[in-house]
Amino acid sequence: MEENKKISSAVIRRLPRYYRYLGELIESGVQRISSKDLSVRMKVTASQIRQDLNNFGGFGQQGYGYNVKYLYDEIGKILGIDRKHNMIIIGAGNLGRAIVNYTDFEKRGFVICGVFDNNPELKGESIHGIDIMMMDQLADFIHKNDIEIVALTIPKQAAKEIGKQVADAGIKAIWNFAHTDLNLPDDVIVENVHLSESLMRLSYTIANKHS
Ligand code: NAI
């Protein structure tokens, strides 16, 4: 891949889907696939696939198609999931617990190292074998455990302040579930996840299908 080449965010957003399809192909024993066959499975055009993958040097060979395992590994490297990312969860409520209990994140290299909350009643409790810690231990834990990602599953009223706190502790990546913009310095990457926005898009599609 060419160094410093800016890849469009639209392409980056499509890569996890390629990765998932290629993983399924590997599981079913497929070793190579043409962009045409991949396009039929993924319901995108073959030219889109070729264009997307050309951003990274192509990986395909004329008349051969793509080596599925190779392409899968390369996209994994581009997505940075060929290595481990230490992560903590702040907010041990319904959503925080669901994330900790979902073991597939770890299979992708996202290792949940700790869970934090400010409710003293939760002190000493554990979720999926991980102890819930109190907020006064947060900064120290981040430094000692090489934490890269913080998931915020706290109420929106608290999210801005806690976002600032973790940024001050050196965190550069926040997976934000609280329904608010965090307004942090540009070097802190914030990935907002809002299920309700996804539902609203679904609702829009339903409304427009029947109108
Ligand atoms: P919850 O009330 O079950 O859990 C929130 C937890 O955060 C509680 O354990 C509470 O003690 C803790 N907390 C509150 N203030 C804190 C602080 N300053 N520091 C540390 N911990 C603190 O709520 P639930 O259902 O788990 O939702 C959590 C957040 O995620 C809410 O903001 C909710 O709106 C949001 N949410 C977002 C979704 C999305 O798609 N983005 C989906 C579901 C919930």
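Because the structure is predicted, anything quoted here is derived from the model rather than measured. As the structure lists them, so they are numbered: ligands from 1, and atoms in each ligand from 1.
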Between Lys164 and Asp168, does at least one N-O distance fall below 4.0 Å, as a salt bridge requires? yes

Specify the protein heavy atom at minimum distance from atom 8 (C) of ligand 1: its residue, its atom name, and the distance to 0.1 Å. Asp117 OD2, 3.4 Å

When only distance counts, is [X] in polar contact with ligand 1, meaning an N/O pair under 3.5 Å?
| X | value |
| --- | --- |
| Leu195 | yes |
| Phe177 | yes |
| Leu95 | yes |
| Ala158 | no |
| Asn94 | yes |
| Phe116 | no |

With heavy-atom distances below 4.0 Å as the criterion, list the atoms of ligand 1 near [X].
| X | value |
| --- | --- |
| Lys156 | 32 (O) |
| Val193 | 39 (C), 40 (O), 41 (N) |
| Pro155 | 7 (O), 13 (N), 14 (C), 15 (N), 32 (O) |

Could you check if a side-chain atom of [X] sits within less than 4.5 angstrom of a side-chain atom of [Y], using non-hydrogen atoms only?
| X | Y | result |
| --- | --- | --- |
| Val44 | Arg17 | yes |
| Tyr19 | Leu79 | yes |
| Ser39 | Ile49 | yes |
| Gln165 | Leu138 | yes |
| Ile132 | Ser126 | no |

Would Phe110 and Ile174 show up in the same hydrophobic cluster when neighbours are defined by side-chain heavy atoms closer than 4.5 Å? no

Per-residue contact class, Arg97 against ligand 1 - non-hydrogen pairs under 4.0 Å: neither

Just heavy atoms, cut-off under 4.0 Å: does Glu161 contact ligand 1 by side chain, backbone, both, or neither? neither

Do protein heavy atoms approach atom 30 (O) of ligand 1 to less than 4.0 Å? yes

Is there a ring pair (Phe, Tyr, Trp, His ring centres under 6.0 Å) between Tyr18 and Tyr21 once you walk through the steps? CA-CA 5 Å; Tyr18 288 121; Tyr21 269 83; 8.6 Å; no

Looking only at non-hydrogen atoms, which of Leu122, Leu199, Asn118, Leu152 approaches atom 17 (C) of ligand 1 most closely? Asn118

Can you confirm whether or not the ring centre of Phe141 sits under 6.0 Å from the ring centre of Phe116? yes

